[in-house]
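Comments concern the structure below.
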Amino acid sequence: MKTYNLLVLCILSAALLSGCEAGLKRQAENLDSEIEKQIDEFLRKMTLEEKVGQMTQPGKHGEDGPSDIEDEVRKGKVGSFLNITDIKQRNHLQKIAVEQTRLGIPLIFAFDVIHGYRTIFPVPLAEATSWDIELIERTAEIAAKEARAAGIDWTFSPMIDIARDPRWGRIVEGAGEDPYLGSLIARAKVRGYQGNDYSDPERLAACLKHFAAYGAVQAGREYNTTEVSERVLRNVYLPPFKAGVKEGAATLMSGFNDLDGIPASGNSYILTDILRGEWGFDGFVVSDWRSVKQLIYHGQAKDEEAAGIIGASAGVDMEMVSRTYENLPRLVRQGKFPEEVIDQAVRRILRIKIRAGLFDNPYADEKLGASVMLHPEHLKIAREMVRSSMVLLKNKSNHLPLSKGVKSIALIGPLADSRKDMLGAWAGIGKETDVVTVLEGIEQTVGSDCAVHYAKGCDVLGDSKEDFAEAIEAAKQSEVVIMVMGESVKLNGEGHSRTSLDLPGVQRELIQEIYKTGKPVVVLLFTGRPLTINWVYENIPAILIAWHPGIQAGTGIADVIFGDYNPSGKLTVTFPRNVGQIPIYYNAKNTGRPPDANDRWTSKYIDVPWTPLIPFGYGLSYTVFEYSNLQIAKTKVVLDEPILIKVDVTNTGNRAGQEVVQLYIRDLVGSVTRPVKELKGFKKIFLNPGETKTVTFNLSQDNLKFYDRQMNFVVEPGEFKVWVGPNSAEGLESGFEIVE
Ligand code: GLC
């Protein structure tokens, strides 16, 4: 049995014998003290170069350093690698580290396992729209199992940046615009990846990224400056990180962005004062790709030496790819840099390596892979997540679901037969050959009795309309048209900000031409961000968002289109009417002149309504849910007293389905201005036709805390409004008061 676990067993059994809570706590502290003693021993023996070696994470090609990565390892100059996905190469490098270096400290191998490893799930923004916390945890658990079987120990995930600007390509990677939902998803992902013990051969060490506020890039321009006040930082962007740290995340990654004049990767206030000082985080922080060296370009460091000093001193323990930390041993010898800072970084790194079980089991099991990858259970969960993450935006006159008895379908659009685009951004080693396309999924569902006329119609990008005629002909020959439109994967993710959110190329024109045929049209939208689909939303009777749904795209989508699954997804990002409205998000401030359609001199525009095209939390079903009987048990409560809220939800339609019942509050008056709405609870319920359920929320006042005028995290007495409903723009209203 592993030394570390044996230790745990002895300590815990001793505690059980003592049979007291305090005993368990004390024993756990002893366990930690055992680990710390082990680390002390290493620190005593390590040279400065070996210590800085632990703080160094080259890419797989040894970028920015010697290309002979084996020799680098042998010299003890490497602590970790990223992007090594060949398990044999991984074990070979590990063997050098363990058997051919002076101290035998194992490497930790990292990779971006963002939404699956080989079983690629829907992109994170899609997963979030399922509002299914258990399912989100389950997909992370599967990702961990597959990645670990490939020799990965540590994932650079979850990405938990709150994003309110869909021009930013990385909005696809996170959970959207809401801190409450984002915090729950952060915790679920950490649990899924790490379980209770990430030394388990089916778990991964997690990495909360990008710390912090990268999603606030100005104008949605990639890598741009972020000007975020401390109050907005604490009330909006930090909550998911605080939640992830509380859940026990092993590591964080510092961001690229300049944060209020101090780049995140050189910012001791967030990396030390908040992360360690306030939150007690005891893992380590890895930089983003060259983000320490980039302190030079920010203008925070004059050269690499200064960048290394700033990054290490701020609390970035491991440097990804760039090599500024290689100056540190000399600087220590020159008395220009304290060795204690290096020791502290190395201690954190070794602590996580020990917890990850790398000292007990440094080698990955090369036999596991085949039996784990794409396991039928994994594909089943992937298909379930595709279904759960689809959002029904419109279904006028119940065009959907289609009958499986339909005799002819025109399947039109540049994404109908695409494999790569289904994988989505950050699909890692995901394989196109594993994808079930929309065309395949539909053909498998309707079988040979139905003629499926496929026509691409146009490209994703470009202005050629030469294929329009073929598509129009396909539509004319068919009973119904399904148009598979939207963004390709090339338009999403890191380095893919857009100044326009319109459907790319001539896609809208194609939809308009097909619409003119008079055939019933369903638009299936693939995207990694909100799009300004105004004409489509106003004219097309049935619209489903499928995001970029991963390898089970065709099966999950067909399930929804033909009614084997009733869509239940709800948007976690606001869809604007145009780019001019951005940033637009539901939990905004009221202003001193709240928008009033009848008063020119209020906060709004003269050319478009101030409201979004489609609000946060929105999503329809093939059935109808009605809300009634909202009750607040006590409308006056004292501080810390929970508020009991009940509502009845009835399925008044003729089809069973799920509804995400959402609870919003508004703190009417505060020492600082408060948002007009804040999500503070939700429950995803299943209702058969005619069934009514009473949904209960036991709202803890901890959930109402915010950073006040003095930056204290408090609840302030006063009046609150409450809404419970199907999205952030509708719902039954009531209220309560917190009295001193
Ligand atoms: C990238 C991303 C980061 C990723 C890292 C390693 O630039 O910003 O999210 O984990 O590099 O691939």
Side-chain angles (χ1 to χ4, degrees), residues 52 55-59 63-65 82 156 159-165 167-171 173-174 207-234 236-238 241 251-276 284-328 331 336-337 341-342 345 493-497 583:
V52 170
M55 300 165 72
T56 304
Q57 183 190 59
E63 294 86 345
D64 291 24
L82 74 147
F156 294 138
M159 188 277 211
I160 54 177
D161 298 312
I162 295 294
R164 293 170 157 176
D165 191 328
R167 292 171 293 185
W168 188 46
R170 300 194 79 164
I171 194 169
E173 274 181 75
C207 181
L208 307 172
K209 71 183 186 184
H210 306 77
F211 197 58
Y214 180 7
V217 284
Q218 283 188 328
R221 197 182 92 209
E222 184 58 286
Y223 310 127
N224 203 3
T225 298
T226 59
E227 293 294 350
V228 176
S229 71
E230 175 164 355
R231 198 179 322 280
V232 169
L233 179 70
R234 286 179 175 275
V236 176
Y237 293 96
L238 291 187
F241 287 94
T251 68
L252 273 80
M253 180 185 293
S254 62
F256 290 121
N257 52 302
D258 178 338
L259 176 59
D260 190 24
I262 304 168
S265 293
N267 191 316
S268 61
Y269 181 59
I270 61 170
L271 292 167
T272 296
D273 300 352
I274 293 180
L275 180 60
R276 272 90 181 211
F284 72 85
V285 173
V286 63
S287 78
D288 202 336
W289 188 282
R290 294 196 182 110
S291 65
V292 173
K293 180 177 179 180
Q294 287 162 6
L295 300 179
I296 299 168
Y297 313 129
H298 278 292
Q300 188 187 20
K302 65 180 173 56
D303 54 25
E304 289 208 17
E305 182 179 295
I309 289 171
I310 293 169
S313 307
V316 178
D317 306 299
M318 185 181 280
E319 183 177 13
M320 184 193 292
V321 175
S322 52
R323 299 300 180 92
T324 68
Y325 287 4
E326 284 179 346
N327 296 298
L328 297 180
L331 291 165
K336 294 178 181 173
F337 191 79
V341 172
I342 294 173
E494 183 176 357
H496 291 93
S497 291

Might you point out which heavy atoms bring [X] and [Y] nearest each other, and give the distance in Å?
X	Y	value
I296	A307	CG1-CB, 4.2 Å
H298	P263	CG-CG, 3.5 Å
A264	S254	O-CB, 4.1 Å
Y237	G215	CE2-C, 4.4 Å
Y325	G311	OH-C, 3.3 Å
L328	M55	CD1-CE, 4.3 Å

*Taking 4.0 angstrom as the limit, do E319 and R323 come out as a salt bridge?*
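Salt bridge between E319 and R323, a charged N being under 4.0 Å from a carboxylate O: no.
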
*Under 4.0 Å between a Lys/Arg side-chain N and an Asp/Glu carboxylate O for K209 and D161?*
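Judged by the 4.0 Å cut-off on N to carboxylate O distance, K209 and D161 do not form a salt bridge.
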
Distance in Å, [X] [atom1] paired with [Y] [atom2], rounded so as to fall on 0.5 Å steps:
X	Y	atom1	atom2	value
F211	L271	CZ	CG	6.5 Å
L259	L233	CG	CG	5.5 Å
S265	W289	OG	CH2	14.5 Å
E494	R170	CD	CZ	4.0 Å
N224	Q218	CG	CD	5.5 Å
I262	L295	CD1	CG	11.5 Å

*asked:* Working note: M159 + H210, criterion side-chain contact (heavy atoms from CB on, under 4.5 Å); need CA distance, chi angles, decisive distance, verdict.
replied: CA-CA 7 Å; M159 188 277 211; H210 306 77; 3.7 Å; yes

*Could you walk me through whether V217 and D165 pass the side-chain contact (heavy atoms from CB on, under 4.5 Å) check?*
CA-CA 8 Å; V217 284; D165 191 328; over 6 Å; no

*Please report the C-alpha distance between D317 and R276 in whole Å, then the side-chain angles of each, then the deciding distance to 0.1 Å, and finally whether the salt bridge (Lys or Arg N to Asp or Glu O under 4.0 Å) criterion is met.*
CA-CA 12 Å; D317 306 299; R276 272 90 181 211; 2.6 Å; yes

[X] side-chain N/O to [Y] backbone N/O, donor-acceptor pair under 3.5 Å:
X	Y	answer
E222	G495	yes
T251	V285	no
D288	S291	no
R167	A219	yes

*Parallel, tilted or perpendicular: rings of F256 and Y223 (30°, 60°)*: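 The arrangement is perpendicular - the two ring planes meet at more than 60°.
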
Going by heavy atoms in the side chains, are [X] and [Y] under 4.5 Å from each other?
X	Y	result
I274	R234	yes
V321	L82	yes
V236	R164	yes
E304	N327	yes

*asked:* If the condition is ring-ring contact (aromatic ring centres under 6.0 Å, His included), which residues does F156 pass it with, not counting sequence neighbours?
replied: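 ring-ring contact (aromatic ring centres under 6.0 Å, His included) check on F156 returns W154.
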
*asked:* Could you walk me through whether R290 and D64 satisfy the side-chain contact (heavy atoms from CB on, under 4.5 Å) test, starting with their C-alpha distance in whole Å, then the side-chain angles of each, then the deciding distance to 0.1 Å, before giving a yes or no?
replied: CA-CA 9 Å; R290 294 196 182 110; D64 291 24; 2.7 Å; yes

*Residues N257 and T226: side-chain donor-acceptor under 3.5 angstrom*: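 T226 and N257 do have a side-chain donor-acceptor pair below 3.5 Å.
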
_Trace of the ring pair (Phe, Tyr, Trp, His ring centres under 6.0 Å) decision for Y214 with W168_ = CA-CA 10 Å; Y214 180 7; W168 188 46; 4.9 Å; yes

*Given side-chain contact (heavy atoms from CB on, under 4.5 Å), test I309 with L331 step by step and report yes or no.*
CA-CA 9 Å; I309 289 171; L331 291 165; 3.7 Å; yes

